[in-house]
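Report on the following structure.
Computed from a predicted model, the values in this text were never measured in an experiment. Heavy-atom basis, side chains included; hydrogens, waters and symmetry copies ignored. Count residues from 1 along the sequence.
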Amino acid sequence: ANRSWRGSDRSSWTSRSNLGSTLAAAISRFWSSHIGVRSAAPARPGQKRMPMIELTPLSPLFGAETSDVDLRLPLSDAAFTELERAFYARQILVLRGQRVTAAQFAEFARRIGPPQPHVIDQFHHPEDPNILILSNVKKDGKPTGLQDAGSYFHTDYSYLQRPARATTLYSRVVPQV
């Protein structure tokens, strides 16, 4: 089943060149045909087919989201591989509706790659020093997390010879937009 494009009207997206329009149309057709509930390859005799994860694009060319994953539960290798492929194809992957502990968050993040603790020690999570708390909330006049981490676009550890593979964020409070 094809899904609608959230947050973007494909018909209003324009390009400055015919090649760009053709590329956008091809990518649009690709994602229209590849987004939706899918099943894995036919099961072996006696096995059930496993439903795959439904993904919805956030825009025609960038980002995807799903609500089909609960990181509190074990995530199969096949499901993780599908998420990983979606991340590489779309550069941003949003897993909506998560209610995870620090340990569950860190476990998922470790599947993506080895943790690289933040250089600022002040706001590491008490349960896992690989987690940095970002927050604009103050308690008794003191910050509860690093406040300016999201004030401008950046890529974490881009200055290293081998940059971080990904940055994982868990938003506990999300403003209405």
Side-chain angles (χ1 to χ4, degrees), residues 1-10 27-28 30-41 48-118 123-137 144-158 163-177:
N2 289 340
R3 299 279 297 177
S4 63
W5 295 81
R6 292 188 195 166
S8 177
D9 179 1
R10 287 185 289 170
I27 291 170
S28 175
F30 172 82
W31 276 99
S32 292
S33 65
H34 286 79
I35 302 255
V37 177
R38 303 179 307 276
S39 292
K48 293 181 180 179
R49 286 171 43 156
M50 181 180 192
M52 300 306 273
I53 298 165
E54 183 176 332
L55 297 166
T56 303
L58 296 173
S59 76
L61 301 175
F62 195 71
E65 68 177 335
T66 184
S67 296
D68 291 348
V69 175
D70 184 344
L71 295 180
R72 296 174 296 181
L73 305 174
L75 187 63
S76 71
D77 289 341
F80 179 78
T81 298
E82 187 172 0
L83 291 175
E84 188 174 44
R85 285 181 181 155
F87 171 70
Y88 284 132
R90 302 295 288 187
Q91 293 84 43
I92 290 179
L93 183 60
V94 178
L95 307 177
R96 298 251 182 229
Q98 301 300 311
R99 302 281 182 262
V100 296
T101 64
Q104 291 164 329
F105 175 74
E107 180 183 339
F108 175 72
R110 280 185 183 89
R111 287 185 82 173
I112 297 169
Q116 296 179 331
H118 200 279
F123 299 111
H124 285 244
H125 195 285
E127 295 176 33
D128 191 321
N130 294 304
I131 298 174
L132 178 69
I133 298 171
L134 309 177
S135 178
N136 61 0
V137 174
T144 59
L146 185 61
Q147 293 184 47
D148 68 348
S151 59
Y152 56 91
F153 179 82
H154 67 281
T155 299
D156 290 342
Y157 296 123
S158 60
R165 182 176 184 196
T167 297
T168 51
L169 301 171
Y170 174 43
S171 299
R172 297 178 54 138
V173 178
V174 181
Q176 294 285 29
V177 283

What's the shortest heavy-atom distance between [X] and [Y], and which atoms?
X: N130; Y: R110; value: ND2-NH2, 3.2 Å
X: P117; Y: P129; value: CB-O, 4.2 Å
X: L61; Y: Q91; value: O-OE1, 4.1 Å
X: F123; Y: L146; value: CD1-N, 3.4 Å
X: I133; Y: P126; value: CD1-CD, 4.4 Å
X: F105; Y: L169; value: CE1-C, 4.0 Å

Does any N or O in the side chain of [X] come within less than 3.5 Å of the main-chain N or O of [Y], such that one atom is a donor and the other an acceptor?
X: D128; Y: A102; value: no
X: Q98; Y: Y170; value: no
X: S135; Y: T144; value: no
X: R99; Y: R72; value: no
X: R96; Y: E65; value: no

What distance do [X] atom [atom1] and [Y] atom [atom2] have between them, rounded to the nearest 0.5 Å?
X: L132; Y: H124; atom1: CG; atom2: NE2; result: 6.0 Å
X: I131; Y: T168; atom1: CD1; atom2: OG1; result: 8.0 Å
X: R85; Y: L93; atom1: CZ; atom2: CG; result: 14.0 Å
X: T167; Y: Q116; atom1: OG1; atom2: CD; result: 9.0 Å

Worked verdict on L55 versus R90 for side-chain contact (heavy atoms from CB on, under 4.5 Å): CA-CA 11 Å; L55 297 166; R90 302 295 288 187; over 6 Å; no
Heavy-atom count check: over 12 atoms from other residues, nucleotides or ligands less than 6.0 Å from E107 CD?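 Counting neighbours around CD of E107, 12 or fewer heavy atoms of other residues, nucleotides or ligands fall under 6.0 Å, so no.
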Verdict with supporting geometry, Q104 and L71, side-chain contact (heavy atoms from CB on, under 4.5 Å): CA-CA 7 Å; Q104 291 164 329; L71 295 180; 5.6 Å; no
Stepwise, does the side-chain contact (heavy atoms from CB on, under 4.5 Å) test hold for I112 with F80? CA-CA 9 Å; I112 297 169; F80 179 78; 4.1 Å; yes
Could you check if a side-chain atom of V94 sits within less than 4.5 angstrom of a side-chain atom of T66, using non-hydrogen atoms only?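 Of all side-chain heavy-atom pairs linking T66 with V94, none is under 4.5 Å.
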Can you find a pair of side-chain heavy atoms, one from L83 and one from L95, that are under 4.5 Å apart?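 Answer yes - side chains close enough.
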Y157 vs H118, test: side-chain contact (heavy atoms from CB on, under 4.5 Å). Steps then yes/no. CA-CA 9 Å; Y157 296 123; H118 200 279; 4.1 Å; yes
